[in-house]
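Just so you know, these numbers use all the heavy atoms, side chains as well, and skip hydrogens, waters and symmetry mates.
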Amino acid sequence: MTVNNTQPLPLSDIASTTDLAALHAWMHHEYGPVVPVQLEEGVFAWMVIGYRELHHVLGSPAVYARSSTRWNGWERLPKESPLQMALAPMPSMLFAEGEDHRRRSTAVHNALEAVDPHELRTFVTRFADRLIDGFCGDGRAELRTRYAGRLPSLVLGRIYGFDDAEIEVLAKAMSVIFDSTGPEVFEAYTELTARFGAAIVDRRARPGADVISRLAADPIGYTDEQLIAELMGILGGGDRTTSEWIGNALRLMLTEERFSASFSGARSSVRDALAEVLWEDSPSQLNPGRFAAHDVELGGRHIREGDMVMLGYGAANRDPRVRGSQPQGMGANHAHLSFSHGKHACPHAAQGIAELIATTGIEVLLDRLPDIELAIDADQVRWRPSPWARGVVSLPVTFTPMSP
């Protein structure tokens, strides 16, 4: 297929493609480092897929700003478009700029950094065991929905200070928000904000050793509305990406013979698989997250003030100018952009929490079910079509039944 490299690529074409390696190679060849994209009829943006160009964008917040209020496409975006919710500006770190962003990101980092890693590992192990107990006697399970898709939200709920009953409600609501498209998404969102609001009132009166209490007491002086937005941003950014990270690493380990050693105790391979996934099948593929503060040239394209600049993390990680023809060994290289880069990168403390959840979650699963095998052929594992995230539809496995 040959396309003139000035012709916008429909976002729907990207969303419907599951062979991302082929798509990314084609985009790099046909378009170069910056791709014109059609979001909706008459609504356009630029997707940055060049590694060096994306690194530059992420490191230049004064030029490629974060607040979506700058976007020049609001009037053309249909009211019913799902991008309305994704781009709606919120009073949180995600959309803040300049000094406001520095203060918010510092508050979030401090609140997450105070999470004790030994206590966190205990939480992860306990929830992992609880989930495994739910299916270990069956001899078969679907790991995406019953394990990878649930573990992070349970753990994040605990470090937010919720009890077990509240955590289950939170986990269910997050599942609805990410996996549904109907009116139940709004209902789940409303449920979460209401529970966060009640929790904030409680923590202000009776603070504890949890993330909500630390943010509520931070000198930044969060209002309840601002704190709800911050909590939603942390949870939204950490839950699904960590779930897909676990699921994608398990897929790799279950389908590639070179990782089979992990199933007999070589735990270093778990980290190798997690690192490789961040290059090859990053949970974060695309983010509609920057807006040109003024006219600028990027990758041979003229970007106008107010244009949306989309961050193509997955495609940039596969940039042939950086990867060359020998992708082997990239897993040990941590220069991938899956956690973003620059001032708006995923906070370092959050990266550490996500890695601990993913690593411990997979290790506990392999310890409990050492003879676990994929229940279908490797080529039958399907990727969920999405332009934003990368994750499998399902991951059915079999194993020797074990007692809870």
Side-chain angles (χ1 to χ4, degrees), residues 58 92-94 105 108-128 131 143-144 147-160 167 170-171 174-175 177-178 210-212 214-215 230-253 267 270-285 287 289 311 313-314 317 331 333-342 344-365 388-392:
L58 295 170
S92 73
M93 174 184 71
L94 296 179
S105 61
V108 169
H109 173 80
N110 291 341
L112 295 176
E113 190 177 41
V115 176
D116 181 84
H118 301 291
E119 187 177 53
L120 178 61
R121 188 178 298 276
T122 300
F123 291 155
V124 179
T125 302
R126 188 178 79 182
F127 283 121
L131 292 173
L143 292 182
R144 181 192 174 269
Y147 192 71
R150 286 179 50 79
L151 183 60
S153 58
L154 295 174
V155 177
L156 293 173
R158 174 58 68 198
I159 68 174
Y160 270 14
I167 288 172
L170 180 146
M174 290 303 296
S175 178
I177 288 174
F178 283 112
D210 58 78
V211 169
I212 296 179
R214 288 191 284 271
L215 284 173
E230 208 75 274
L231 294 171
M232 291 293 289
I234 296 170
L235 189 60
D239 178 26
R240 181 41 54 95
T241 51
T242 308
S243 293
E244 306 297 18
W245 195 13
I246 295 171
N248 294 355
L250 284 171
R251 182 208 67 85
L252 181 64
M253 298 176 75
R267 291 192 172 194
V270 174
R271 289 178 170 80
D272 290 343
L274 287 167
E276 182 170 324
V277 160
L278 294 179
W279 278 104
E280 306 300 333
D281 292 306
S282 173
S284 300
Q285 287 290 318
N287 184 284
L311 314 176
Y313 298 123
N317 284 340
N333 186 328
H334 295 282
H336 58 76
L337 296 174
S338 294
F339 287 119
S340 195
H341 167 72
H344 285 271
C346 177
H348 184 72
Q351 295 181 36
I353 289 173
E355 184 173 7
L356 193 151
I357 293 173
T359 304
T360 306
I362 295 176
E363 289 176 350
V364 171
L365 180 70
W388 317 112
R390 179 73 159 168
V392 295

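Side-chain atoms of E244 and R144, non-hydrogen and from C-beta on, do get closer than 4.5 Å to each other. Within the 4.5 Å cutoff, no side-chain heavy atoms of H336 are placed close to those of Y313. Proximity of L365 to L143: side-chain heavy atoms (C-beta onward) are separated by under 4.5 Å at one or more points. You'll find the side chain of I353 stays beyond 4.5 Å of the side chain of P117, heavy atoms only. The side-chain heavy atoms of L274 and I362, taken from C-beta on, include a pair separated by under 4.5 Å. Looking at heavy atoms from C-beta onward, F123 lies out of side-chain contact with I357 at the 4.5 angstrom threshold. Between T242 and V155 there is no side-chain heavy-atom pair separated by less than 4.5 Å. Side-chain contact check for D210 versus Y160: every heavy-atom pair is 4.5 Å or farther apart.
Separation of atoms OG (S282) and CD (E276) is listed at 13.0 Å; rounding is to 0.5 Å. Note that the CG atom of L131 and the CZ atom of R150 stand 5.5 Å from one another [nearest 0.5 Å]. The distance from the NE2 atom of H344 to the CG atom of L311 is 10.5 Å, given to the nearest 0.5 Å. For the atom pair NE2 (H348) and OG (S105), the distance works out to 14.0 Å, reported to the nearest 0.5 Å. One distance of note links OG of S284 with CZ of R240; it measures 12.0 Å at 0.5 Å rounding. The line from OG1 of T122 to CZ of R158 is 12.0 Å long, rounded to the nearest 0.5 Å.
Considering all non-hydrogen atoms of both residues, V392 and R251 come closest at CG1-CD, 3.8 Å. For the residue pair L154 and A171, the shortest heavy atom distance occurs at CD2-CB, 4.1 Å. Closest approach of V124 and L151 over heavy atoms only: O-CD1, 4.0 Å. Nearest approach of W245 to A358, heavy atoms of both residues: CE3-CB, 4.0 Å. The two atoms that bring A350 and C346 nearest to each other are CB-SG, 3.7 Å, heavy atoms only. Of all heavy-atom pairs between A128 and V364, the closest is CB-CG1, 3.8 Å.
Side-chain atoms of N248 do not come within 3.5 Å of backbone N or O of V277 as any donor-acceptor pair.
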Steps toward side chain to side chain contact (heavy atoms under 4.5 Å, CB included) verdict (I234, L215) | CA-CA 12 Å; I234 296 170; L215 284 173; 4.1 Å; yes
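Applying side chain to side chain contact (heavy atoms under 4.5 Å, CB included) to S243 and the options T241, D239, I246 leaves one that passes, D239. For the pairing with R121, the side chain to side chain donor-acceptor pair (under 3.5 Å) check across T359, T360, D116 returns one residue only, T360. Partner of R214 under the side chain to side chain contact (heavy atoms under 4.5 Å, CB included) criterion, out of L112, N110, V115: V115 alone.
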